[in-house]
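Lettering of chains follows the sequences in order, A, B, ..., and the numbering in each one begins at 1. Remember, predicted model here, so these are calculated numbers, not experimental data.
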4 protein chains.
Amino acid sequence: MPKQTFFNLPAEKRERITQVALDEFSNNSYHRSSINRIVENANISKGSFYQYFSNKKDLYRYLIDKAGEEKIKFLQKEIVDYDKLEFFPFLRKLFLAGIKFNQSSPYYDKLVDRIYRSESEQFKEEIIGESKYKSNDFLIGYVKKAREQGELKEELNPEMIAFLITELSVSIVDYYFKMKDPTEDLEGMMEIVDDMLEILKSGISEDNS
Amino acid sequence: MPKQTFFNLPAEKRERITQVALDEFSNNSYHRSSINRIVENANISKGSFYQYFSNKKDLYRYLIDKAGEEKIKFLQKEIVDYDKLEFFPFLRKLFLAGIKFNQSSPYYDKLVDRIYRSESEQFKEEIIGESKYKSNDFLIGYVKKAREQGELKEELNPEMIAFLITELSVSIVDYYFKMKDPTEDLEGMMEIVDDMLEILKSGISEDNS
Amino acid sequence: MPKQTFFNLPAEKRERITQVALDEFSNNSYHRSSINRIVENANISKGSFYQYFSNKKDLYRYLIDKAGEEKIKFLQKEIVDYDKLEFFPFLRKLFLAGIKFNQSSPYYDKLVDRIYRSESEQFKEEIIGESKYKSNDFLIGYVKKAREQGELKEELNPEMIAFLITELSVSIVDYYFKMKDPTEDLEGMMEIVDDMLEILKSGISEDNS
Amino acid sequence: MPKQTFFNLPAEKRERITQVALDEFSNNSYHRSSINRIVENANISKGSFYQYFSNKKDLYRYLIDKAGEEKIKFLQKEIVDYDKLEFFPFLRKLFLAGIKFNQSSPYYDKLVDRIYRSESEQFKEEIIGESKYKSNDFLIGYVKKAREQGELKEELNPEMIAFLITELSVSIVDYYFKMKDPTEDLEGMMEIVDDMLEILKSGISEDNS
DNA sequence: AATGAATGAGCCTTCATTCAT
DNA sequence: CATGAATGAAGGCTCATTCAT
């Protein structure tokens with residue numbers, strides 16, 4: 001956790017630092033990211049930095065946490081009444097909201113992707129282990145509920161389904177941005193999402209039999 | 001490509017270096033990996049290193065290439081007569097073979113995963129661009145053939161399917177080794193593979209309609 | 001340009017570093033000069049060095065610039081009313097002042113000689129290109145003026161004359177310090193200067209015809 | 001001196017090595033020149049190199065010596081009956097021959113220039129001190145003779161005149177190649193040479209008074 | 001006579017962190 | 001709260017030379 005001094009800062013300064021750090025960590029691996037560059041770009045002194053954060057890892061953890069927070073806040077705003085939706089319409093909303101979030105705050109997604117996919121297992125544990133935003137928990141609950149309500153095949157393992165969905169939601173974004181100009185609107189994206197959802201639906205829904 | 005001097009080395013030494021380097025690069029990002037550590041662990045002098053490889057990237061590229069080579073060699077040995085198999089049985093063999101390879105040479109998979117998932121697009125291109133082992137090409141061809149033979153839904157985009165399968169094949173290994181002791185035998189694994197395949201099959205095969 | 005941190009240093013330290021660097025670069029070619037030696041002799045840490053200068057070239061450029069600055073400052077102090085002098089008396093003053101400068105700050109002259117005479121044309125351009133102390137411009141102007149006032153033969157190319165004078169002014173110093181003990185006073189020197197000037201005068205002045 | 005083994009080599013190989021080394025040393029300062037590059041470009045093994053030359057300096061000295069030898073050989077071929085010429089016609093021939101030599105063997109001139117102008121005095125002494133081709137000796141003798149024959153002003157110091165001429169002969173080449181395309185023929189050059197000679201003549205010849 | 005693997009010192013540069021003010 | 005000078009370890013890489021074969 002950043003030190004209290006950081007939170008005492010005027011909002012403008014605090015956000016400037018956050019933004020610059022986000023930029024650095026989302027474009028470089030943890031070890032390659034440079035405090036030197038951060039303080040320079042944020043226009044603060046080295047000494048100040050160490051008065052806000054106890055060390056590099058402290059800042060990093062803060063950003064990772066904030067990324068989770070922001071994403072959840074965003075998703076909750078996008079998917080109102082999500083507990084009244086059926087599973088697949090919900091999933092569709094979830095995917096689209098995920099893509100929208102990525103478009104509006106690409107740094108956060110990059111940051112999180114980076115740690116999930118590229119840092120060593122040990123390092124990941126060290127950083128995320130203490131965070132409360134372990135993304136999957138929420139989804140597993142939702143899958144379980146859907147299965148209980150007969151929307152999903154009984155024989156499938158909910159953990160596995162949740163895992164599969166998470167992977168697909170990341171993959172779909174990768175796939176999309178590998179092919180398209182990210183500033184484009186969402187039409188092309190929806191097509192892919194719908195294809196992917198159709199496959200998933202045929203694959204895991206009960207009605208399918 | 002490593003210099004000729006590297007290939008002139010006694011096999012034992014050459015393999016020792018390869019092994020140590022593999023260990024280093026599969027456990028650290030490219031930039032974080034250290035030549036210093038490699039030469040120390042491999043018990044060679046820094047000067048020698050640069051007589052074998054022209055630079056860090058040279059060694060890295062060599063390993064990435066070798067990983068592709070080894071994996072293909074392994075898969076070809078595992079999946080004989082693969083062109084006589086139907087699509088889903090083939091896929092099953094492919095997944096299992098992939099897992100087996102990971103078990104026998106976990107470093108190579110980690111290495112390749114790392115670059116595919118975590119290094120910057122530009123860096124990836126720089127390293128893999130010149131390699132002949134671009135994994136997806138082979139799979140896309142195979143998917144197209146399956147679709148022509150009526151095994152897959154016509155409306156689905158082969159590139160997307162291939163992409164999906166590749167992602168799943170990686171995910172499945174992640175999932176498995178996150179849950180199980182990797183030295184265990186394959187029984188538990190097969191269950192998961194079969195679940196996943198069942199989903200895929202329901203999702204993309206033609207007979208399903 | 002050195003970083004601000006360098007100029008914030010206590011004068012003693014700043015001058016110590018400058019002096020040590022000057023010593024290093026004036027006795028070795030650019031590439032042969034060693035930052036390691038500089039920091040060691042100046043008794044600063046390597047890390048500090050890079051807080052003062054962005055890199056080796058930065059320091060080097062600073063010295064070259066400073067050499068130009070110092071020389072011009074010195075010459076202006078020595079040759080007051082230089083625009084009221086006739087050409088050859090002026091030249092005599094210039095030569096003598098040059099020698100005096102060399103005696104009082106031999107490092108600067110050595111430094112500048114070194115780059116003018118020995119580094120590759122491309123490197124020279126890279127370093128001096130951006131400097132405002134391109135020595136010849138001033139002299140060419142002065143030669144042109146002298147020619148217009150009928151002091152020099154009309155048929156001679158001013159650029160060539162300026163070039164010739166510059167070369168001679170360097171040569172004369174070389175010659176002198178090759179023969180004499182540099183701590184001696186200037187008497188012997190004046191003889192040589194006068195001989196050289198006499199030759200030049202006979203060679204290029206108009207009254208000569 | 002190179003070891004006997006070097007001279008036992010087939011001429012082709014010996015010349016190849018010489019050429020490559022010349023290329024390296026004339027384009028880089030002594031310390032920057034690389035044995036590694038030389039053996040690579042000359043296609044010989046590291047071990048062989050050290051069987052031909054006892055070390056880097058040995059090779060370097062050999063080249064410097066050879067440069068002197070070649071230049072003298074060339075000049076002697078160009079300026080036949082030079083002892084029957086008067087001083088200024090001789091000087092003109094000398095300058096032109098110098099330029100021609102530079103055009104035909106630019107590497108040698110670059111090599112010699114480099115050591116004369118850029119290496120430290122101590123290093124120069126170490127290399128050239130032992131050489132028999134100290135260029136000036138020959139010229140001083142010639143100047144003395146000219147003075148005795150009344151061609152030059154009595155009051156001028158022959159050493160100084162010889163020094164001056166040497167400097168000019170180098171400067172003139174610098175000046176020319178800074179302005180012109182070196183592949184051009186000699187017409188433009190002759191003009192400059194003649195201007196320069198005219199200055200010199202007015203400056204130092206006796207008839208001038 | 002020829003080879004080429006081995007070596008360690010040295011190169012310039014970047015880094016996260018400390019601490020006195 | 002803010003500052004920024006100081007630091008030494010570590011980074012990748014090049015070098016001339018030796019020596020066993």
Side-chain angles (χ1 to χ4, degrees), chain A residues 3-6 8-10 13 31-40 44-59, chain B residues 3-6 8-10 13 30-40 43-59, chain C residues 3-6 8-10 13 31-40 43-59, chain D residues 3-6 8-10 13 30-40 44-59:
Chain A
K3 303 182 184 170
Q4 186 53 42
T5 51
F6 179 64
N8 293 343
L9 247 32
K13 189 168 187 178
H31 288 102
R32 263 240 136 179
S33 297
S34 157
I35 301 279
N36 279 11
R37 271 194 304 260
I38 289 173
V39 301
E40 188 174 336
I44 60 172
S45 72
K46 266 293 191 41
S48 291
F49 179 89
Y50 281 90
Q51 248 165 349
Y52 307 147
F53 304 95
S54 38
N55 53 34
K56 191 181 182 181
K57 220 171 259 171
D58 187 23
L59 164 59
Chain B
K3 302 185 185 167
Q4 186 53 43
T5 52
F6 179 65
N8 294 343
L9 248 33
K13 189 169 190 176
Y30 174 77
H31 290 290
R32 174 77 165 152
S33 297
S34 155
I35 301 274
N36 277 8
R37 260 188 320 252
I38 291 173
V39 301
E40 189 173 335
N43 244 306
I44 60 174
S45 74
K46 230 191 257 196
S48 289
F49 178 89
Y50 282 92
Q51 266 187 320
Y52 307 148
F53 304 96
S54 35
N55 51 39
K56 192 181 183 181
K57 222 172 255 171
D58 188 23
L59 164 59
Chain C
K3 302 185 186 168
Q4 186 54 42
T5 53
F6 179 65
N8 295 343
L9 248 33
K13 188 169 189 177
H31 290 291
R32 173 79 166 154
S33 298
S34 155
I35 301 273
N36 276 9
R37 264 191 313 255
I38 291 173
V39 300
E40 189 173 337
N43 243 306
I44 60 174
S45 75
K46 232 191 258 196
S48 288
F49 178 90
Y50 282 92
Q51 266 188 320
Y52 307 147
F53 304 95
S54 36
N55 51 38
K56 190 181 183 181
K57 222 170 254 171
D58 187 24
L59 164 59
Chain D
K3 302 183 183 169
Q4 186 54 42
T5 51
F6 179 64
N8 294 343
L9 249 31
K13 189 169 187 177
Y30 173 77
H31 288 102
R32 261 241 139 178
S33 296
S34 156
I35 300 281
N36 279 10
R37 273 195 301 261
I38 290 173
V39 301
E40 188 174 336
I44 61 173
S45 73
K46 264 298 190 35
S48 290
F49 179 89
Y50 281 90
Q51 249 165 346
Y52 306 148
F53 305 96
S54 37
N55 52 35
K56 192 181 182 181
K57 220 171 258 171
D58 187 23
L59 164 59

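Rounding to the nearest 0.5 Å gives a distance of 8.0 Å between OG of A:S45 and CD of A:Q51. Here B:Y50 contributes atom OH and B:K3 contributes atom NZ; the two are 10.0 Å apart, rounded to the nearest 0.5 Å. Atom CZ in B:F49 sits 6.0 Å away from atom CD1 in B:I38 (nearest 0.5 Å).
Regarding contacts with the backbone of F:dG11, a side-chain N or O of B:N36 is found under 4.0 angstrom from either OP1 or OP2. Close to F:dG4, at under 4.0 Å from its OP1 or OP2, lies no side-chain N or O of C:N8. Under 4.0 angstrom from either OP1 or OP2 of E:dC11 there lies at least one side-chain N or O belonging to C:S34. A sub-4.0 Å separation between OP1 or OP2 of F:dA2 and a side-chain N or O of A:Y52 is present. Residue C:S45 places at least one side-chain N or O closer than 4.0 Å to OP1 or OP2 of F:dT7. Close to E:dC15, at under 4.0 Å from its OP1 or OP2, lies a side-chain N or O of A:R37.
Computed from coordinates, the B:K56 NZ to F:dT14 C1' distance equals 17 Å when rounded to whole Å. Regarding C:R32, its CZ atom lies at a distance of 18 Å from the P atom of F:dT14, rounded to whole Å. One can place CD of B:Q51 at 13 Å from P of E:dG8, the figure rounded to the nearest angstrom. For A:K57 and E:dC15, the NZ to C1' distance is 15 Å, given to the nearest whole Å. The distance between atom CZ of B:F49 and atom P of F:dC15, rounded to the nearest whole Å, is 16 Å. The separation between A:E40 atom CD and E:dA16 atom P is 13 Å, rounded to whole Å. Atom CD1 of D:I38 and atom P of F:dA16 are 8 Å apart (whole Å). In this entry the distance linking NZ of A:K3 with C1' of F:dA2 reads 13 Å, nearest Å.
Closest approach of A:I44 and A:Y52 over heavy atoms only: CD1-CE1, 4.1 Å.
Heavy-atom nearest nucleotides on DNA chain F were determined for C:P10 and for B:H31, and the one closer to the 5' end corresponds to C:P10. Two residues, B:G47 and C:Y50, neighbour DNA chain E, and the one matched to the more 5' nucleotide by heavy-atom proximity is B:G47. Between D:S48 and B:K46, it is D:S48 whose nearest contact on DNA chain E lies nearer the 5' terminus.
A:I44 comes within 4.0 angstrom of nothing in the nucleic acid, heavy atoms only. Looking at heavy-atom distances under 4.0 Å, D:S54 makes no contact with the nucleic acid at all.
Side chain of D:K13, nearest nucleotide from E:dA2, E:dT13, E:dA16: E:dA2. Of the candidate nucleotides E:dT17, F:dC1, F:dA2, E:dT17 has the atom lying nearest to any side-chain atom of A:N55.
Pairing for E:dC15 is with F:dG8, a Watson-Crick or G-U wobble pair whose two hydrogen-bonding atom distances lie under 3.5 Å.
Put simply, the side chain of C:K56 gets close to the backbone of C:S33: a donor and an acceptor are under 3.5 Å apart.
Partners of C:R32 by salt bridge (charged side-chain N to carboxylate O under 4.0 Å, His left out), not counting sequence neighbours: none found.
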